[in-house]
Amino acid sequence: MHPHYAAYYAVIAEIPRGAVATYGQIARLAGRPGRARQVGYALHALPPGSPIPWQRVINARGELSLPELGGRKSRQRRLLEREGVRFDVRGRVDLRRYGWRPDVA
DNA sequence: ACTCAGGCGCTAC
DNA sequence: AGTAGCGCCTGAG
């Protein structure tokens, strides 16, 4: 496992139920701005059954960045809907409404 | 709303 | 060893 992955996982673990965050946002919060793509790799590398809420990470356009092939995309959508996240007709999430706004506290 | 280019790091062949 | 393609983003046009 690559060293920075743990930092991404730590941030992702903080996303509350009913909210979503973008890859770029995770990278920034993990102190690695510009590494959005690496966040995708980190998630891809997650073992099945991991407690990390991978489904709460979507792209900056509010879309699910997973191929429909293999049913992973629809699984992600199901998980999110179960948590209260709504999708529009085009299958997109309104980030203004569901986007995670971490408390700066 | 769209495309394009550049940046980023990794994987798989 | 090189390269193409990725769970991506931003800025410019």
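Below, read A as the first sequence line, B as the second, and so on, with proteins coming before strands; counting in each chain starts at 1.
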| note | Sorted by position of nearest nucleotide on DNA chain B, 5' first, the leading residue of A/H4 and A/A36 is A/A36
| Full working for side chain to side chain donor-acceptor pair (under 3.5 Å) between A/H4 and A/R32 | CA-CA 9 Å; A/H4 304 298; A/R32 298 187 56 83; 3.2 Å; yes
| request: Over all heavy atoms of both residues, which pair between A/I26 and A/A21 is shortest? Give the atoms and the distance, please. | output: CD1-CB, 3.8 Å
| field | Spacing of A/E63 atom CD relative to B/dC2 atom C1', expressed in whole Å | value | 13 Å
| What is the distance, rounded to the nearest whole Å, between atom CG of A/L46 and atom C1' of C/dG7? | 11 Å
| said: Can you identify which nucleotide, out of C/dG7, B/dC10, C/dC9, has its nearest atom closest to the A/A60 side chain? | reply: C/dC9
| message | Need to verify one output field. Residue with the more 5' nearest nucleotide on DNA chain B, A/Q38 or A/H44? | response | A/Q38
| Rounded to the nearest Å, what distance is computed from the OH atom of residue A/Y23 to the C1' atom of nucleotide C/dG7? | 4 Å
| task | Examine A/L66 and A/V93 and state if one hydrophobic cluster contains both, with Ile, Leu, Val, Met, Phe, Trp and Tyr joined whenever side-chain heavy atoms are less than 4.5 Å apart. | result | no
| Under the 3.5 Å Watson-Crick or G-U criterion, the dot-bracket string of DNA chain C, with | for inter-strand pairs | .|||||.||||||
| request: Specify the closest pair of heavy atoms between A/L29 and A/P102, including all atoms of both residues, with the distance to one decimal. | output: CD1-CG, 3.9 Å
| task | For A/V39, report the nucleic acid contact type (base, sugar-phosphate, nothing); a contact means any heavy atom under 4.0 Å. | result | nothing
| Any idea how A/Y5 and A/Y8 line up, ring-wise: parallel (<30°), tilted (30 to 60°), or perpendicular (>60°)? | tilted
| Whole-Å distance separating the CD1 atom of A/I12 from the C1' atom of C/dC8 | 13 Å
| remark: Which of C/dC8, B/dC8, C/dT10 is nearest the side chain of A/R28? It is C/dT10
| note | Taken to the nearest whole Å, CD1/A/I15 to P/C/dG7 is 18 Å
| message | By the salt bridge (charged side-chain N to carboxylate O under 4.0 Å, His left out) test, which pairs, at least two apart or in different chains, include something from residues 41-70 of chain A? | response | A/R56-A/E83, A/R61-A/E63
| Say you pick atom P in B/dG6 and the same atom in C/dG7; how far apart are they, in whole Å? | 23 Å
| message | Side-chain heavy atoms nearer than 4.5 Å, only ILVMFWY residues, links allowed to pass through others: does that put A/Y23 and A/L79 together? | response | yes
| said: Distance check needed: C/dC8 P versus A/Y5 OH, whole Å only. | reply: 13 Å
| To the nearest angstrom, how far is A/R77 atom CZ from C/dG7 atom C1'? | 17 Å
| message | Can you measure A/R90 atom CZ to B/dA1 atom P for me and round it to whole angstrom units? | response | 7 Å
